[in-house]
Amino acid sequence: MSGGSSPIDARVLDRLAAVIRSRQGADPASSYTAKLLARGRPKIAQKLGEEAVETVIEALRDDPEKIASESADLLYHLLVLWADAGVSPQAVWAVLEAREGTSGIAEKAARPTE
């Protein structure tokens with residue numbers, strides 16, 4: 001599945017996030033990312049939701065290649081949302097790292113109630 005001789009890893013998300021950030025304020029006619037960012041957070045959130053649903057549908061169809069493709073679309077739109085909201089991938093990675101080794105049940109129990 002790798003596109004070259006070097007292994008593919010999660011750093012591709014950091015590189016994609018940098019490209020997305022570089023499109024902020026760009027001419028919407030110049031790229032899909034710039035157009036999506038120009039349309040604002042409601043449209044970005046809508047697209048993210050659509051991609052989440054499409055990922056779930058492919059998961060239920062049990063087609064690994066389509067799950068991977070839809071997951072890539074989902075991650076892309078999530079990164080666009082983060083860029084629009086001013087959330088860096090590193091902030092999310094820090095939260096994940098802080099939770100590493102903690103059971104999901106314990107982590108949820110430690111959250112403040114609303």
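All values below were derived from every heavy atom in this structure, side-chain atoms included, with hydrogens, water molecules and symmetry-related copies excluded.
- In this structure, a donor-acceptor pair under 3.5 Å is present between the side chains of Q90 and D14.
- To the nearest 0.5 Å, atoms OG1 (T55) and CD1 (I67) are separated by 9.0 Å.
- Taking R15 as the reference, nothing meets the salt bridge (Lys or Arg N to Asp or Glu O under 4.0 Å) condition, with sequence neighbours excluded.
- You'll find the side chain of S71 stays beyond 4.5 Å of the side chain of K66, heavy atoms only.
- Contact annotation: the side chain of W82 never approaches that of S88 to less than 4.5 Å [non-hydrogen atoms, C-beta and beyond].
- A donor-acceptor contact shorter than 3.5 Å is absent between the side chain of E58 and the backbone of P64.
- Heavy-atom minimum distance, P89 versus R21: CD-NH1, 3.9 Å.
- Residue A34 comes nearest to S31 through the heavy atom pair N-OG, 2.9 Å, listed as atom of the first residue, atom of the second, then distance.
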Report all side-chain donor-acceptor pairs from residues 72-80 shorter than 3.5 Å, counting only partners two or more places apart or in another chain.
residue	atom	partner	partner atom	Å
Y76	OH	T33	OG1	2.6
H77	ND1	D73	O	2.8
H77	NE2	Y32	OH	3.2

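- Taking all atoms of both residues into account, the shortest heavy-atom contact from P28 to K35 is O-CB, 3.5 Å.
- Note: the hydrophobic cluster containing W93 also contains I20 (ILVMFWY, side chain heavy atoms under 4.5 Å, direct or indirect links).
- Residues L81 and R41 meet the side-chain proximity criterion, which asks for heavy atoms closer than 4.5 Å.
- Salt bridge annotation for D63-R61: absent, with no cationic side-chain nitrogen under 4.0 angstrom from a carboxylate oxygen.
- Using modelled atom types, no side-chain atom of S69 and backbone atom of E65 make a donor-acceptor pair closer than 3.5 Å.
- Hydrophobic cluster membership differs between L60 and V53, with clusters built from Ile, Leu, Val, Met, Phe, Trp and Tyr side chains linked at under 4.5 angstrom.
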Side chain to side chain contact (heavy atoms under 4.5 Å, CB included) assessment of L36 paired with K43: CA-CA 7 Å; L36 188 56; K43 184 61 176 178; 4.0 Å; yes
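- Put simply, the side chain of Q46 reaches to within 4.5 Å of the side chain of E50, judged on heavy atoms.
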